[in-house]
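In what follows, a structure is listed as C-alpha cells, so that the remarks can point back to it.
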2 protein chains.
Amino acid sequence: MRWDDIDKQVCSVARALSVVGERWTMLIIRDAFLGTRRFDQFQSNLGVTRHRLSERLTKLVEHGVLVKVPYQDRPVRYEYRLTRKGLGLYPVLMSLARWGDDWMDKDQGAPLEYVHQTCGNKTHPVLACSECVEPLKPEAVTPQ
Amino acid sequence: MRWDDIDKQVCSVARALSVVGERWTMLIIRDAFLGTRRFDQFQSNLGVTRHRLSERLTKLVEHGVLVKVPYQDRPVRYEYRLTRKGLGLYPVLMSLARWGDDWMDKDQGAPLEYVHQTCGNKTHPVLACSECVEPLKPEAVTPQ
DNA sequence: CATATTAATTCCCAAATGGAACCTTCATAC
DNA sequence: GTATGAAGGTTCCATTTGGGAATTAATATG
C-alpha cells in the first residue's frame, strides 16, 4: 500500500498521520506553537529546504491546520497561524516532547521547561482520563 | 538540512521524531499496542512492504522501542514487543487518535472507543498538568 | 523429496527529497 | 530610472527513499 492511501484506513491514528505524519510537518507545528509565523523564519529555524517548506505549509493550509493571514499590503505578505484544528495538536506535540525528554535525552538535559500559569508550577504533561481524572495507562484502557 | 540530522537539534520533539517520525513507524507502534507481535501480522495489517517493515522494525529495536523475543526454536522465530520506552509512546498515540477522531472524522465516526477499567467509563484522553491536574492548554503554559 | 511457514533480502523502477539558483513584487536609496 | 534588498516562493536536477514482486533461508510436515 502507498503511504498516500493511509487516510483511507478506518483508523484515527492513520488519518491523523496522513496530515501531520510527513517529515518536517510536526516540526513546523512545533515552531508555530513557539510563535513562528513567517516563511523565512520557519525556513531558517528548521533548515528545511524552501521547496519542502512551501509544500508542507500548503498542505497544512489545505487541511485547515494553518491559515494564511495577510500582515501587510503592497506587496501582500501572508503569515501562517494555527487554527483551532492546529491548536488541537497541542497534546500530540507535548506528548512527543515529553517522550523525547524522558527517553532521548542525550546528555544535554531537557531543552525546555514548562511553567503552568494556572497553578504556577513547573509542569509536565500527563495523559488523564476525561471521566475520573486519573492518569490513563495502556493496561487500564480497553479499545472496542 | 537532511532529515537524518534532526536528532542533533536541541529539541525533544525533533529527537523523538528522529525515532518515530518516519512513515509507517507510528502505525507499527499502534498495532503493537493493539497486540500485534509478528512480522507477517504487521505486514498484512499495515499493507507496508516487507522491505520497509523490516527496516522500520530494525530501527525501532535499535532504539529500544521494541525488543525481539524468541517465541520458538528451530527455526528460531522472534516476535516484537514494546519495551518500557515503547510503552512510553502511549500518550503520543492516544493524542494522535483523539485528534484524528475530532478533526479527521470523515463521516465514519470514531473507529474505536475506549473504556477506562479504573473508573468503568467510556473515556478519552485529556492532557493534564502533573502538578494541579487541571487540563493543560497552550495559552496557560510558558516554555522557558 | 516436495511443500508449507515465517522472516527477511534483492532487484528494479517510481516517487520524494535536498540543494542551489532563479523569479516576483514591491520599497527604498542613489 | 537603476540598483539594492527583503519576503515568499518556484524551477531544475541529482540523490535518496519507497513500493512491488520475486527470491532466499531455516526448518517442520506429509
Side-chain angles (χ1 to χ4, degrees), chain A residues 1-9 14 17-28 31-32 35-63 65-81, chain B residues 1-9 14 17-28 31-32 35-63 65-81:
Chain A
M1 185 198 278
R2 300 227 107 94
W3 173 256
D4 307 41
D5 297 329
I6 56 158
D7 61 329
K8 276 131 207 157
Q9 287 189 25
L17 289 173
S18 74
V19 178
V20 298
E22 294 177 280
R23 287 181 175 184
W24 302 109
T25 301
M26 279 308 294
L27 294 178
I28 292 171
D31 269 29
T36 302
R37 303 234 151 113
R38 301 197 185 161
F39 192 90
D40 279 11
Q41 289 181 312
F42 282 113
Q43 209 264 314
S44 59
N45 289 350
L46 297 178
V48 63
T49 63
R50 309 176 73 70
H51 190 147
R52 220 42 56 201
L53 178 59
S54 171
E55 193 173 274
R56 297 293 188 257
L57 287 172
T58 303
K59 180 164 180 183
L60 287 170
V61 169
E62 278 169 2
H63 281 88
V65 173
L66 299 176
V67 244
K68 270 175 104 154
V69 181
Y71 68 87
Q72 68 168 40
D73 298 337
R74 321 235 299 279
V76 197
R77 298 268 183 252
Y78 296 91
E79 58 183 21
Y80 296 87
R81 296 199 191 185
Chain B
M1 186 196 279
R2 303 227 105 105
W3 174 256
D4 308 39
D5 297 328
I6 56 157
D7 60 329
K8 277 134 207 156
Q9 286 189 28
L17 290 172
S18 74
V19 177
V20 298
E22 294 178 281
R23 285 181 175 184
W24 304 108
T25 300
M26 279 308 295
L27 294 178
I28 292 172
D31 270 28
T36 303
R37 303 235 151 110
R38 303 201 183 157
F39 192 90
D40 278 12
Q41 289 182 312
F42 282 114
Q43 210 263 313
S44 61
N45 290 350
L46 297 178
V48 62
T49 64
R50 312 178 70 69
H51 188 96
R52 221 42 58 203
L53 178 59
S54 170
E55 193 174 273
R56 296 291 188 261
L57 288 172
T58 304
K59 180 165 178 179
L60 288 171
V61 170
E62 279 170 1
H63 280 87
V65 173
L66 300 176
V67 246
K68 272 176 104 156
V69 180
Y71 67 88
Q72 70 169 40
D73 299 336
R74 322 232 303 281
V76 198
R77 295 271 183 251
Y78 296 92
E79 56 183 24
Y80 296 87
R81 296 199 190 185

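These numbers come from the heavy atoms of this one structure, side chains and all, not from hydrogens, waters or symmetry mates. Note that the coordinates shown come from a computational prediction; the quantities given were computed from them, not determined experimentally.
Qualifying salt bridge (Lys or Arg N to Asp or Glu O under 4.0 Å) partners for R37(A), counting only residues two or more places apart in sequence or in other chains: none. Under the rule for a side-chain contact (heavy atoms from CB on, under 4.5 Å), the partners of Y78(A) that lie at least two apart in sequence or sit in another chain are K68(A), P70(A), V76(A). Residues meeting the salt bridge (Lys or Arg N to Asp or Glu O under 4.0 Å) test with K8(B), sequence neighbours left out: D5(B). For Q72(A), the side-chain contact (heavy atoms from CB on, under 4.5 Å) partners at least two apart in sequence or on another chain are P75(A), R77(A). N45(B) is linked by a side-chain hydrogen bond (donor to acceptor under 3.5 Å, both in side chains) to D31(B), T36(B), counting only residues two or more places apart in sequence or in another chain. Annotation: side-chain hydrogen bond (donor to acceptor under 3.5 Å, both in side chains) contacts of R52(B) (sequence neighbours excluded): E55(B). Every residue meeting the side-chain hydrogen bond (donor to acceptor under 3.5 Å, both in side chains) condition with K59(B), not counting sequence neighbours, appears here in chain and number order: E22(B). Take R50(B) and apply the side-chain hydrogen bond (donor to acceptor under 3.5 Å, both in side chains) test, not counting sequence neighbours, and it matches D40(B), Q43(B).
OP1 or OP2 of dG19(D) lies within a sub-4.0 Å distance of a side-chain N or O belonging to W24(B). Phosphate contact (OP1/OP2 of dG8(D), side-chain N/O of S54(A), threshold under 4.0 Å): absent.
Atom CD1 in I6(A) sits roughly 10 Å away from atom P in dG19(D) (whole-Å rounding). Remark: P of dT16(D) and CG of D5(B) are 13 Å apart, rounded to the nearest angstrom. The interatomic distance linking R2(A) (CZ) with dA21(D) (C1') rounds to 13 Å, in whole Å. Spacing between atom CG of L57(A) and atom C1' of dG8(D) amounts to 10 Å, rounded to whole angstrom units.
Against DNA chain C, the stretch residues 43-52 of chain B makes heavy-atom approaches under 4.0 Å through R50(B), H51(B). Within residues 65-75 of chain A, the residues that have a heavy atom under 4.0 Å from DNA chain C are, in order of number, R74(A), P75(A).
First and last contacting nucleotides of DNA chain C toward chain B (any atom under 4.0 angstrom from a heavy atom, 5' to 3' order): dT5(C) to dG19(C).
Between the side chain of R23(B) and the backbone N or O of R23(A), no donor-acceptor pair lies under 3.5 Å. A distance-only check finds no donor-acceptor pair linking the side chain of Q9(B) to the backbone of I6(B) [under 3.5 Å].
Nearer the 5' end of DNA chain D, as judged by each residue's closest nucleotide, is the contact made by E79(A), out of E79(A) and D4(A).
Set against dG19(D), dG9(D), dA7(D), the side chain of F39(A) has dG9(D) as its closest nucleotide.
Taking all atoms of both residues into account, the shortest heavy-atom contact from F39(B) to L53(B) is O-CD2, 3.4 Å.
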